[in-house]
Each structure stands twice: as C-alpha cells, then as structure tokens.
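Worth knowing before you read on, the calculation uses all heavy atoms, side chains too, and leaves out hydrogens, waters and symmetry mates. All chains are named by letter (A, B, ...) in the order of the sequence lines, taking the proteins before the strands, and each is independently numbered beginning at 1. All values reported here derive from a predicted model rather than from experimental measurement.
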Amino acid sequence: MPSKLLKELNASQREAVEYLDGPLLVLAGAGSGKTRVLTYKIGYLVETGVAAPYEILAVTFTNKAANEMKKRVEELIRIPLQGLWIGTFHSICARILRIEAQHLGYDRNFTIYDVDDQVRLIQQIMTGMNINQGVLKPRKVQYAISQSKNKMRGPKEFEERAGDFTTRKIADIFWEYEVALRRNNAFDFDDLLIKPLEIFSQQPDILEKYQTKFKYVLVDEYQDTNRAQYYFIKYLSAQHRKVCVVGDEDQSIYRWRGADIENILSFEKDYPECKVVRLEQNYRSTKVILKAANAVVAHNQRRLGKNLWSKKEHGAKISVHPTTDEGMEAATLVEIIRTETRQFNRNYNEIAVLYRTNAQSRALEDRLRRANIPYVIVGGIKFYERKEVKDVLAYLRILVNTRDSVALRRIINYPARGIGAATLQKLEEYAFLKKIPLYQAVVEVAENESIPLATKAKIQAFVDALEELRHKKENFSAYEIAREVVDTFGLAAQYSHSELIEDQNRLENINELLNSIAEFSEKNSDENATLEKYLEDVALLTDIDRWDPNFSAVTLMTLHSAKGLEFPVVIITGIEDGLFPLYRSLENQDDLEEERRLFYVGMTRAKENLYLLWARQRRRFSGESSGMSFRNTPSRFLKEIPQSYKEEVRTEDELVYSYDNSEGLLDSATVSAYAGEMMENEDYHIGDWVIHPTYGKGQILAVQNSHTGTKLTVAFSNKQIKKLIAEYANLKSVSSSD
DNA sequence: CAGACAAGGCTTTTT
DNA sequence: GCCTTGTCTG
C-alpha cells in the first residue's frame, strides 16, 4: 500500500523514508526537515507493517523531541505506538539498566547522580582519603572522571595514562568513586551510557536479546554521538543492520563532551553497503540568512559538504549592531524587541536571544525586566538543580533507594533537627565497621553505644518518620508521598514564614515540584506512575524539556540549547573575538571550527530576521582578570559574512530610551549605560533634569555632539520623548527632580 | 549545634 | 558581581 504519508514529502525526504533495506545515512542540513523524515519513517514502518512499534528503537536528542515525535506519528497514522522505544540515549540506557541492573550487582531501583551528587560523593571520598580540597578541587576531579568516562576509559585506563602527581591522585579517587557508586546503588550520567555496554560484552545473550528485538534503529543528531553511543548503536544494529542515522556534520557542537564528528564522517566506511541521502532544501530561513550561514561554515575544512538552498523570499539583511558595552548591548536588545513587537506586530515568543555563555544572561535579564518585557530563561541554574527542589528529591530518593548515602547526608540534618557533624561522624564509623550502608546505621541507632541518648531520640524520630513513609510508598501515588514528605519534615514551612523574596521563590518552587509530580501521576497509567520512574524522569530532564514555546515571552538561552529549534526572530549577542569564539578555542583549529559550527547553528535558527550584537567593552568575572573590562574587536565570524548580506546599524546614535516609567525617573543602570559613550559634553549629562518652555520638566536620555549643535533626547513628564537641539531649545536646567 | 558573617572562587557549552 | 563554603560566636 503506497502510503499517503509519502505525498507530503519532497523527493529526497521520500527517498529517505522509503529506503528500508539496510543502513542509511541521511545528511540533513539545517531546516531541511530531518525531524519530519524521522517522524514519517516511523509512521511508514508501522503503517506498512514492516515493523511493529516494539521492534523500533528511535534515539532523539531531547526527551521533549521524543514525546512530540511519538505524538505526531500517532496523529499521522492513527495507530497507537505501544512498545515503541523512543527517547534520548540516556533515557533508553536507563531503561535497559532497570531491566538488567542485577547483572552488575545493582538493584533495579538505582539512583541517577547528577553533577552535584557526583561532587558531593567525591568530596566525601577525598575527605576520607585526607586530600586537601583547596588544592585539588572536587569539581575538577569530577570533570576529569567524567571526561575519561566519556571516552570509555575507566579507572584502570585512567591510571595507566596518569603522568603527573595530580592526575595519579585523581586516579586514586576515581577507583574509590567507582566503589562508592556501586555501594550507593547509583549510576552517574556517564555510567548510563557505559554500563549497558559492559553488560553486553559480559553477557552476549543479553545483547542478542536486544539485537533481535530491534529490527530498526533510528538515530537523530548522529553527529553529536560520543564513543559509547557509537558502540551502543553499532552493537544493537549488528544483527539486522537496519540502522538509519540522521545528522549534519556542520552542526556538531558537542566535541567537548566527547562527541566525535568522525562517527558521522566515517559512517560510509563502517557500513560500506549504506545508502546516502542528502536533504538540501531548507524550509526555514530566508535566502539571505541561509546564504550568509553557508558562507560562514564554508570556512571549515572538515566537512562532507553540501549545498543548502531555499525557495523562500530573499528577506531582510542581517543587522549587525556594534555597542559600547554590555549595558548598551542590553539596551539595544530591548530596542530591537520593541521594534519587532510594536512595529512588526510580533509576539514575544517569536523572538529568541542567544549567547555563548550562561553568564551573559544576567545583564540582558536586568534590562528586560526593567523594560517590562516578559522573558524566560532556558538553562543556567536548572529547576531540578535548585537547592530546595533537590532537598525534596533527596527525601524521595532515600525512600526509593536506601543505599543512596549522598541523599541521606543531604537531609539527615536538614531541616536542622539536632544531628550535627559529630553525630554523623559516629554514624559513619559505625557503618564502616559493620560494612553496612549509612542508612542502615541510622536505623540501628539504638544499638550504637557512642551516641548520647538525647541525640539517639532525635535520630529515632527521623528514622521512624522515614520508615513509615517508605511503607506507605507501596499503596500511595508518587504525589501523595511527596506531599507527605514536604508536610512531615516541614520543607515548605520554613520558607512560608519568611518575607524574603528569595524564600517566597523557594516556596513556589517546592509547590511547582509538587505540581509536576501530580501531573506525572495523572499522565502515567498506574503501574508506571511510581516514585522510582518519576525520579528517573526528573534526573534525565533538561530545562529545554520544560520549556513552553507557546508562552508569550522572549526566550533566552545558550546557543547549545537552541539546537533543533527555530524562531522568526533571532538575536545573537556577544559576537566578539574572545567570547565567541572563546579565547581558549583560538589556538586550536578543531576547536575554532566547532565554534564556527556553533555560530552556524545559531544563525540557522532564524526564519526571518537575524540580529547580531557585539560590545566594544565587556566586563568579565572569571579567571585572574576578574572584574576587569576588556576591549573587544568584533568576532572573526562576522567578517566571514559577505558584505551584501549584512548591514551595520549604529543603533546607539539614534537610540531613544522607551519611556514606560510613569514616575519619569531613570534608574542608575540606564543612566550609566548611556553615560558610557556620551559623557563628553560639559553642559548636559544623561539623567540631568531640564525645564522646557512648552513641554515642561524632562530628563535627559541621550546627549550627542553633532555639527549642528548638541542634540538632546529628552523624556518629558507627559511621557513624550523629544529630540532637541540644545542651543535652540531654550532649556533651563534644574538641580534635582523636585 | 545553629545562625550570622566573611572569604574565596567562578563561568564554555550539557545529559 | 554573585554564590558557595568555611569560620566564628552564642
């Protein structure tokens, strides 16, 4: 039956969907409909009966993409996709580990450790080993271990390569860390990818089970797979060899995380019989944006090469905005957003603001807040990484996995209940001597001679409360348990009595967490709505998964987070040499090419209008040069955009500060932002108050010296903004605002 | 043992 | 500049 699905595809897309006989490499340029191909391919496989949903494994880059894709396919073919395995590498691996964990000596209710948990565990280990954490930072150790695991090197391989003293010390910690993870019945993020491979190599029968099961394996964003992910796909598809990978070498941006662009570049070597389909028609961007992006990425050496084209309109030129400093950059940003929303009637959610580093968001946020422009930030401090959220989760974790000592330590005296460092030390000694998990030592506190009676009573009360909940867990929903945890241990109460905005936020976050658990309980059928499953979901969720594109707000995020998304208007900030590309990538050709790909990714997110902002001066707060201002030159990538596709806009010369503030007062940051460039004039200063014969009292927003005289931009109390020539305006200056 | 205050470090990107 | 961590005092 020739599926009607195929009619909705162009020739290349159709070719990619229809080819089912063997390995397939789809080289899909930005905006060329690769998600569409994957979606339709799954639909086609199921509709034609070539494969049942449970015989398909589909790997996506985010959980959100997985959910959307599944929903979309079900809408298309109107067949429920029960049993389909779709999700990120991490979630699929976690699923396998739940089933097979016993082969590694783990329980199926293992915990997944995020970076924060890993660092806490490493701190514990280092304390135990008497290593000075001031000299060797736990965070550094965590990074080194993670990087090593990303390359599939365990403690043994790490030790073999360890040259200097510090690295050998890290190797020692690495060994202990692995032991501790096992003891805690926990995997870290990197384990999720590595451990299934361990099981596969130790027990070929288990590998074979999955190889037989998955007739078709589909992988999105293949250019960003690392070594472990590469082997994972290779092993699982070895039997049927029906593996379809989709990717774009020009969008490979995760080298630092161990992603190996070679995986896609050499796919044809791995599978000599493979078919290659190129998707080169871009449906997203205007011709100008696309050609400019192509011109930039053409500077890279290591690529398969492709020729992206678009049938869309020519479109507006890319506007490049040089600004004085980060304050002016933010002011310019506000101005652009105002123009787009007021003049061109855009909704806020049609606009994305992208930057290289999370730290850049603060200056932008401040200004957006003052200008009353609604915005959401994706990334940065993630919701599930917030202290108050992690506190609640730690309680839930210890209920599920009593061996999770990282969780236990976090909550044993939080909120404070009189179990201090000294007591914890005694409990730990007890656990160590009896070779039992810390939680067990807490349960057995009655038998512990070294702890004073009064303290014992406190610990006993804590244990009793936990144990009661642990038993309730079997018969109550995840939400009910979480609600009770929060009430029993007073996790919200401590914030609800406070008037600090910060505490109010924390309270809100706890409520939001409870809501999310309630939503989870409702959405999933009973057997899947367990606390265990919830904790796993949460551990693997990213901020982008929680992001609602329909919410009417400007979206702020890093360029990395923007991958896979599109917006009518994209504003990229901080396009300066040293920031983008970053200094540390300037020396190395491979690193520089990755930065360029990142810029390419950013540019190609834009459908209609693209703005590029950079600041001549920017304050930095990292490294030795902390707090210093730097003179910047525009990013070398800017020069790689052909002149005919861009135009420079000197916004600040004509920038009029929009005047929403009804009191007519300018905040100090605004004043200083304007003051940066234009303080030269002796008679008039930004922020000064003046009286005009007809307009009345006003405040100076901008001063410019031009050949016609001193141009002033003044905001008057009737909310009018006027540009005046000082020499003719007959202004009187007033000393203060009254 | 808990809360207040000071010092130090940090920021490249994320599952 | 802000946040986390450590130290001091009650």
Side-chain angles (χ1 to χ4, degrees), chain A residues 59-64 87-94 112-116 118-120 123 133-134 137-140 143 146-147 149-150 187-194 221 224-226 228-229 252-259 326 354-363 366 378-382 384-387 413-424 452 454-455 458 494 502 536 538-545 557-563 574 578-585 591 594-595 597-599 601-602 619-629 669:
Chain A
V59 186
T60 57
F61 201 67
T62 64
N63 293 295
K64 193 192 186 78
T88 60
F89 273 106
H90 288 84
S91 68
I92 283 164
C93 288
I112 297 167
Y113 279 179
D114 67 8
V115 175
D116 178 62
Q118 292 177 50
V119 170
R120 281 164 187 262
Q123 280 169 340
Q133 302 185 16
K137 309 276 165 43
R139 186 60 236 244
K140 278 252 152 53
Y143 190 74
S146 176
Q147 286 291 323
K149 284 186 167 192
N150 263 320
F187 293 113
D188 64 22
F189 278 134
D190 307 307
D191 282 342
L192 294 179
L193 304 176
I194 297 167
E221 307 281 10
D224 278 325
T225 50
N226 67 20
Q229 292 164 334
S252 166
I253 55 174
Y254 283 99
R255 205 171 83 96
W256 53 274
R257 202 169 76 183
E326 66 259 59
L354 308 181
Y355 35 79
R356 180 64 182 82
T357 67
N358 280 308
Q360 287 165 254
S361 72
R362 181 156 284 127
D366 280 354
V378 177
I381 314 147
K382 294 166 195 68
Y384 291 102
E385 285 170 12
R386 284 170 193 279
K387 181 198 174 302
N413 198 32
Y414 182 86
R417 56 174 68 88
I419 310 173
T423 311
L424 181 60
T455 314
K458 290 174 190 162
Q494 54 177 339
E502 197 186 318
E536 175 182 318
V538 160
L540 299 176
L541 222 53
T542 53
D543 240 34
I544 202 91
D545 293 320
M557 63 181 130
T558 62
L559 286 135
H560 281 88
S561 295
K563 175 167 164 168
L579 184 60
F580 191 23
L582 280 167
Y583 278 119
R584 50 203 305 169
S585 61
D591 287 341
E594 175 140 319
E595 295 279 316
R597 289 193 293 269
L598 190 57
F599 189 47
V601 167
R619 230 171 253 287
R620 293 213 191 156
F621 295 104
S622 64
E624 306 87 69
S625 47
S626 188
M628 294 196 358
S629 262

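Side-chain contact, A:D545 with A:T542: a donor N or O sits under 3.5 Å from an acceptor N or O.
Counting non-hydrogen atoms under 4.0 angstrom, A:D543 reaches nothing in the nucleic acid. As judged by a 4.0 angstrom heavy-atom cut-off over every strand, A:Y254 is placed among residues touching the sugar-phosphate backbone only. Residue contacts for A:T423: at a heavy-atom cut-off of 4.0 Å it reaches the sugar-phosphate backbone alone, with no base atom in range. Counting any heavy atom pair closer than 4.0 Å across all strands shown, A:A359 reaches a base atom. Using a 4.0 Å heavy-atom cutoff across all strands shown, A:S561 reaches sugar-phosphate atoms only and no base atom.
Between A:I253 and A:V601, the closest heavy-atom pair is CG2-CG2, 4.1 Å.
A donor-acceptor contact shorter than 3.5 Å is absent between the side chain of A:D591 and the backbone of A:S585.
Using cut-offs of 30° and 60° for the angle between ring planes, the A:H560 and A:W256 rings count as perpendicular.
In this structure, A:R417 and A:A539 both approach DNA chain B, and ranking their closest nucleotides by distance from the 5' end singles out A:R417. Residue-to-nucleotide proximity on DNA chain B shows that, of A:E595 and A:N413, the 5′-proximal contact is made by A:N413.
The distance between atom CG of A:L424 and atom P of B:dA2, rounded to the nearest whole Å, is 12 Å. The CZ atom of A:R356 sits 9 Å away from the P atom of B:dT14 (whole-angstrom rounding). What separates CE of A:M557 from P of B:dT13 is a distance of 15 Å, to the nearest Å. Straight-line distance from the NZ atom of A:K387 to the C1' atom of C:dT4: 12 Å, rounded to whole Å. The NZ-C1' distance, from A:K458 to B:dA2, rounds to 11 Å in whole Å. Counting to the nearest Å, the P atom of B:dT14 and the CG atom of A:L354 are 12 Å from each other. Here C:dG1 presents its P atom at 12 Å from CG of A:D366, a figure rounded to the nearest Å. In this structure, the CZ atom of A:R139 is 12 Å from the P atom of C:dT5, given to the nearest Å.
Remark: A:N358 is in phosphate contact with B:dT14, judged by side-chain N or O atoms under 4.0 Å from OP1 or OP2. Contact annotation: A:T558 side-chain N/O to B:dT14 OP1/OP2 distance is under 4.0 Å.
Residue A:W256 and nucleotide B:dT13 are classified as a stacked aromatic pair, their ring centres being separated by less than 5.5 Å at an interplanar angle below 30°.
Of all nucleotides listed (B:dT13, C:dC3, B:dT14), B:dT14 comes nearest to the side chain of A:R257. Closest to the side chain of A:R584, out of B:dT14, B:dC10, B:dT12, is B:dT12. For A:T542, taking side-chain heavy atoms from C-beta onward, the closest of the listed nucleotides B:dT15, B:dC1, B:dA2 is B:dT15. Checked against B:dT12, C:dC3, B:dT15, the side chain of A:H90 finds its nearest nucleotide in B:dT15.
Distance CD/A:E595 to CG/A:L559: 9.5 Å, rounded to 0.5 Å.
Of the P atoms belonging to B:dT13 and C:dT4, the separation is 16 Å, rounded to the nearest Å.
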Subject >> CA sep, side-chain torsions, deciding dist, call: A:D543, A:S561, side-chain contact (heavy atoms from CB on, under 4.5 Å) >> reply: CA-CA 9 Å; A:D543 240 34; A:S561 295; over 6 Å; no
